[in-house]
Amino acid sequence: MMQSFFVLSGDHQELARDELLSISKSYDVKSKHLVNSRLVIITSSIPWKKIAKRATFVKFAGNLLGVLDDISELEFPKSDTFACRVVNLSSKKIDALQIEREIGTLVKKKTGSKVLLSNPSLTVYLIITDSKSYLGYADLLEYERPTKPIKYPTELDWKIGRCMINLSLLKEGNAICDPFCGTGTILLEAESMGICSTGIDFDSKMCDITRKNLEANGYRPRVINSTYDYISKIKDEVDAVVTDLPYGTASRSSTTPKKIIQDFVSIVPSEMSLVMVYKKGMDIDDLDKAKKYEIYRHKSLTRVIAIR
Ligand SMILES: C[S@@+](CC[C@H](N)C(=O)[O-])C[C@H]1O[C@@H](n2cnc3c(N)ncnc32)[C@H](O)[C@@H]1O
């Protein structure tokens, strides 16, 4: 078992934490976690990079070495260059620079590695919380974001789309369907994580945009120009439905947004994982028991992510 640390960025804290836990559970159902302020420690068989590459709201991550009781007992990996970084999640004021210098001197002595402040091959982290301080380290995390050449005013924030896919507990090789795909934000995020995707949209212009956005990244587009009920025909090929429902006058819609939610939820098989985002105020009885997260956008728009 490995212990990894993840420091959340501070945006949408509950959502961020649940996303992280869903990713680790999707790879290892036995993974365990401990949450302390914005710090999440995961004990699992999964290397930290596999989780961090997918997680949307993680600022720092790496291998956890242990609690800072006696730094001289901890074994640091050897690297050409390293830097120390203090992450203060406590309510105390601290002199981060001074602490970084002190730890740097100790690590240098122990490993013989050279200090390099920009682009070091290893970063040693000291994470200070009100109860304990933890030491960890990370080498570089290489990761490429998909590009999106064609944008649109009603497109979903990619971070929300990515997070929703992660909440669906899927992993590489699984398949999602977004039956209101618009410009393909959710499909792009899924493909970038190795999850196969199928999009449906009743607007042929949106289907073309999605195809182009997927092709620009070398992903093979599977986009069907139809109403969302086409999903019934492909349900055996889909592990989860992740979607962003029409919510306003800006997105062309066949009927009222609330009626769409009602009809749509009723046709997605109950055994299929469903993660959807819609405008607050459009709740329906079928989603009473769903886990929900609110995302405030501006005074007249709060969105709700629901997991059924
Ligand atoms: C909120 S937008 C989705 C935006 C998308 N997530 C993105 O990032 O671009 C909703 C989409 O649903 C489509 N739509 C509306 N009613 C539909 C229906 N009955 N069946 C299929 N698609 C529909 C619209 O054409 C629109 O592209």
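Quick note: residue numbers are just sequence positions, from 1. Just so you know, these numbers come straight off a predicted model, no measurement behind them.
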Within the 4.5 Å heavy-atom criterion, are [X] and [Y] side-chain neighbours or not?
{"X": "Met206", "Y": "Ser204", "value": "no"}
{"X": "Glu237", "Y": "Thr198", "value": "no"}
{"X": "Leu187", "Y": "Thr210", "value": "yes"}
{"X": "Ile195", "Y": "Ile165", "value": "yes"}
{"X": "Asp236", "Y": "Ile234", "value": "no"}
{"X": "Ile127", "Y": "Phe5", "value": "yes"}
{"X": "Gln3", "Y": "Ile41", "value": "yes"}
{"X": "Leu122", "Y": "Pro120", "value": "no"}

Flag if over 12 foreign heavy atoms under 6.0 Å of [atom1], [X]:
{"X": "Ile94", "atom1": "CD1", "answer": "yes"}
{"X": "Lys132", "atom1": "NZ", "answer": "no"}
{"X": "Glu142", "atom1": "CD", "answer": "no"}
{"X": "Lys78", "atom1": "NZ", "answer": "yes"}
{"X": "Lys212", "atom1": "NZ", "answer": "no"}
{"X": "Lys259", "atom1": "NZ", "answer": "no"}

Side-chain donor or acceptor of [X] paired with backbone N/O of [Y] under 3.5 Å:
{"X": "Ser273", "Y": "Ala240", "result": "no"}
{"X": "Asn166", "Y": "Arg54", "result": "yes"}
{"X": "Asp201", "Y": "Gly182", "result": "yes"}
{"X": "Asp263", "Y": "Ile260", "result": "no"}
{"X": "Lys59", "Y": "Val7", "result": "no"}
{"X": "Ser113", "Y": "Ser79", "result": "yes"}
{"X": "Asp130", "Y": "Ser91", "result": "yes"}
{"X": "Arg211", "Y": "Val223", "result": "yes"}
{"X": "Asp95", "Y": "Gln98", "result": "yes"}

Report yes or no: is the cationic atom of Lys50 (NZ for Lys, CZ for Arg) under 6.0 Å from the centre of the six-membered ring of Tyr27, at an angle within 45° of the ring normal? yes

Working for side chain to side chain donor-acceptor pair (under 3.5 Å), residues Glu294 and Thr302: CA-CA 7 Å; Glu294 288 196 1; Thr302 295; 5.4 Å; no

Identify the heavy atoms of [X] and [Y] that sit nearest to each other, and give their distance.
{"X": "Ala290", "Y": "Ala306", "value": "CB-CB, 4.2 Å"}
{"X": "Asn213", "Y": "Thr183", "value": "ND2-O, 3.0 Å"}
{"X": "Leu141", "Y": "Ala52", "value": "CD2-CB, 4.0 Å"}
{"X": "Ser133", "Y": "Leu126", "value": "CB-CD1, 4.0 Å"}
{"X": "Glu100", "Y": "Val86", "value": "OE2-N, 2.9 Å"}
{"X": "Ile186", "Y": "Gly161", "value": "CG1-CA, 4.1 Å"}

Could you walk me through whether Leu170 and Val242 satisfy the side chain to side chain contact (heavy atoms under 4.5 Å, CB included) test, starting with their C-alpha distance in whole Å, then the side-chain angles of each, then the deciding distance to 0.1 Å, before giving a yes or no? CA-CA 11 Å; Leu170 297 193; Val242 180; 5.8 Å; no

Using the salt bridge (charged side-chain N to carboxylate O under 4.0 Å, His left out) rule, take Glu191 and Arg222 through it: C-alpha gap first, then chi angles, then the decisive distance, then the call. CA-CA 11 Å; Glu191 295 285 343; Arg222 279 169 296 266; 3.3 Å; yes

Distance from [X] atom [atom1] to [Y] atom [atom2], nearest 0.5 Å?
{"X": "Ile150", "Y": "Lys205", "atom1": "CD1", "atom2": "NZ", "answer": "11.0 Å"}
{"X": "Leu167", "Y": "Ser22", "atom1": "CG", "atom2": "OG", "answer": "5.0 Å"}
{"X": "Tyr152", "Y": "Thr185", "atom1": "OH", "atom2": "OG1", "answer": "12.5 Å"}
{"X": "Cys177", "Y": "Lys235", "atom1": "SG", "atom2": "NZ", "answer": "12.5 Å"}
{"X": "Leu117", "Y": "Arg85", "atom1": "CG", "atom2": "CZ", "answer": "11.0 Å"}

Do [X] and [Y] sit within salt-bridge range, that is, some charged N less than 4.0 Å from a carboxylate O?
{"X": "Arg145", "Y": "Glu189", "result": "yes"}
{"X": "Lys291", "Y": "Glu14", "result": "yes"}
{"X": "Glu155", "Y": "Lys148", "result": "yes"}
{"X": "Arg308", "Y": "Asp286", "result": "no"}
{"X": "Asp157", "Y": "Arg297", "result": "yes"}

Salt bridge (Lys or Arg N to Asp or Glu O under 4.0 Å) partners of Arg303, counting only residues at least two apart: Asp244

Side chains of Tyr296 and Lys280: any donor to acceptor distance under 3.5 Å? no

Do Ser31 and Ser44 have side-chain atoms, one donor and one acceptor, less than 3.5 Å apart? no

For Lys49 and Asp139, what are the C-alpha separation, side-chain angles and deciding distance, and is it a side chain to side chain contact (heavy atoms under 4.5 Å, CB included)? CA-CA 9 Å; Lys49 278 189 182 177; Asp139 54 353; 3.1 Å; yes

Under the side chain to side chain donor-acceptor pair (under 3.5 Å) definition, can you give me all pairs with a residue in residues 118-128, not counting sequence neighbours? Thr81-Ser121

Listed once per pair and sorted, the salt bridge (Lys or Arg N to Asp or Glu O under 4.0 Å) pairs that draw on residues 17-44, sequence neighbours left out: none

Using the rule that two of Ile, Leu, Val, Met, Phe, Trp, Tyr join whenever any of their side-chain heavy atoms come within less than 4.5 Å, decide whether Val265 and Val275 are in one cluster. no

Which one of Phe264, Phe202, Tyr230, Tyr278 satisfies the ring-ring contact (aromatic ring centres under 6.0 Å, His included) criterion with Phe180? Phe264

Before giving the answer on side chain to side chain contact (heavy atoms under 4.5 Å, CB included), spell out for Ile295 and Ile160 the whole-Å C-alpha distance, their side-chain angles and the decisive distance to 0.1 Å. CA-CA 9 Å; Ile295 299 164; Ile160 301 301; 3.5 Å; yes

Under the criterion side chain to side chain contact (heavy atoms under 4.5 Å, CB included), I'd like the reasoning laid out for Val304 against Lys279: C-alpha separation, chi angles, the key distance, then a yes or no. CA-CA 6 Å; Val304 178; Lys279 188 178 176 183; over 6 Å; no

Ring centroid separation His12 to Tyr293 under 6.0 Å: no

Testing Leu64, Leu39, Ile23, Leu20 for side chain to side chain contact (heavy atoms under 4.5 Å, CB included) with Phe6, which one passes? Leu20

